Amino acid sequence: MTIRSFILCFIIYHFINKCEQCSNEYPFQVHLGTRTPYRSVSNISFDKIYYNGCVSTKIWMIVRHGTRNPSVTNIEDMKNKLPKIQQLILENENLPNDNIKNRDLDLFRKWRTRLDIDDETKLTHEGEEEMLLLAERMQNRFPDIFNEVYSNTTYKFRYTYSQRTKKSALYFAAGLFGKHTAKEVWFPEPLKKDPILRFYKLCDKWRQEIKAKEKDTGQYKKFAAGFEMTDVIRNVNKRLGLQDEIDLGDIYVMYITCGFETAWNKQSKSPWCSVFSEEDFKVLEYMEDLKYYWVDGYGHELTYQQACPAFGDMISHLDISNQYPKATIYFTHSGTLLKMLAHMGLYKDQEALRSTNYNKMTNRKWRTSLIDAFGTNLAFVLFNCNGNQEILTLHQENIVRLPPCPDSDLCDYNKILDYYSHSLKKCDFTAMCNKTDD
Ligand SMILES: *[C@@H]1O[C@H](CO)[C@@H](O)[C@H](O)[C@H]1NC(C)=O
Ligand SMILES: *[C@@H]1O[C@H](CO)[C@@H](O)[C@H](O)[C@H]1NC(C)=O
Ligand SMILES: *[C@@H]1O[C@H](CO)[C@@H](O)[C@H](O)[C@H]1NC(C)=O
């Protein structure tokens, strides 16, 4: 290689590198709520995680399925509302303008919904890749755990009763063992109401007294009717050169479509993202965060208390007296991941999220875009450190510290038992979820 071509390579390499980091063009990528693609939050390091004097021995992990298609309701909304808005935009003489550029209009011109009702909630290509790569990185980080050939006593996989978690499990297994061996992996029959993977389906009290109520009259509804959202509606109409043809329902469908299309396609930009400013995205994101805070998070004690069967499963899996399985990996849903995070006391803000404190909560920890993206995962890894049992916690493949161990990555197994003893000793799921008992 000549000096000149070397320098050229160097410049090109630098330029490409820089542009991967310049997410400025797509600032919305981290404000998409639960539709955020995993690549926006993951840790792409393949390095082995190593502590002096310690050997990793076991892992317990829960994984939200990868990027999926929208629900039936969302697909219908997209099909019903978006073509009309698309037409309004394309026929609008005020466009292009400073916000909606010619290249955005080109994207609008080419846009159409490619989804059928039959595609609802299915895992997408991006979701397959998310699982494959996640498994490969985890294997590289913990070679002492994932070194064994496949056997169903060493590896325990389970998924919920859904195509997206089943497919997620298959692609994760392919990442660990290769596509060929993955076909031989044994999975138990999924349960419609799995007491560990989707405990909340069995909790009548939570379903009726919390979930249903929050969906009808919760904080996020109040926020949706508040002045911040009114501003978003006004701004979007103005940006599109419209009077007030676009209403809240339209705004929401455009927002989720921007989210889904961003998650599905790494390369191309969804035209529906271009109608929002960064501030609009932040307001829409807060509405999502409010919803999940009150339905799946810290809003009500029962919501996270009922995660004790899953927590207990983790503790007993990592108990030193059980040598096998070495890896327990569950494929489940957002509702389980969020309740588990709250059960552990992670991402807890001093103050509750409310419809009235949007500004004050700007730097909140509870941000679904970061903590509940597609493919979100929470892993507990057991290390044997000269005979002491220590647990390392990873969320989105990044090390997080548990409340009992704020000063160290590794947390003594017995310290965890002690700190969460209430969860372990008082896990009477039937009693806490008994709806007649108040
Ligand atoms: C990714 O994980 C490694 C440990 O494997 C850590 O050193 C690094 O800081 C993490 N990267 C980010 C961006 O958090
Ligand atoms: C292993 O797979 C067989 C079916 O091939 C099943 O009957 C058995 O319960 C599995 N064992 C474990 C530990 O999951
Ligand atoms: C639920 O609560 C009622 C009244 O407190 C009690 O009679 C019933 O046995 C409880 N059911 C279960 C399954 O615990």
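In listed order, ligands and their atoms are each counted from 1. What you are looking at is a predicted structure, and each value in this text was computed from that prediction instead of being measured. We count residues from 1, following the sequence as given.
Distance from atom 3 (C) of ligand 2 to its nearest protein heavy atom, with residue and atom name: N152 ND2, 3.5 Å. Counting protein heavy atoms only, atom 9 (O) of ligand 2 is closest to W186 CH2, 4.0 Å.
Y200 does not carry K211 over the face of its six-membered ring by the limits of under 6.0 Å from the centre and within 45° of the normal.
Protein non-hydrogen atoms do reach within 4.0 Å of atom 11 (N) of ligand 1. Atom 14 (O) of ligand 1 is flagged as protein-proximal [any protein heavy atom, distance under 4.0 Å].
Every N/O-N/O distance between T153 and ligand 2 stays at or above 3.5 Å.
For the side chain to side chain donor-acceptor pair (under 3.5 Å) with E288, the lone residue among H31, R35, R367 that qualifies is R35. Results of the ring pair (Phe, Tyr, Trp, His ring centres under 6.0 Å) test with F331 over Y161, F172, Y159 single out F172 as the only residue that passes.
Without hydrogens or angle criteria, Q219 side chain to S355 main chain gives a donor-acceptor distance under 3.5 Å. Within the 3.5 Å criterion, the main-chain N or O of S277 finds a donor-acceptor partner in the side chain of D280. Distance alone, capped at 3.5 Å, is enough to place a donor-acceptor pair between the K58 side chain and the H317 backbone. In this structure, the side chain of N69 does not engage the main chain of E120 through any donor-acceptor pair within 3.5 Å.
Residue I49 has at least one heavy-atom neighbour below 4.0 Å for each of these atoms of ligand 1: 5 (O). Below 4.0 Å from some heavy atom of N398 lie the following atoms of ligand 1, by number and element: 1 (C), 10 (C), 11 (N), 12 (C), 14 (O). Taking a cut-off of under 4.0 Å to the non-hydrogen atoms of N43, the atoms of ligand 1 that pass are 1 (C), 2 (O), 3 (C), 8 (C), 10 (C), 11 (N), 12 (C), 14 (O).
Neither the backbone nor the side chain of I399 has any atom closer than 4.0 Å to an atom of ligand 1 (non-hydrogen atoms only).
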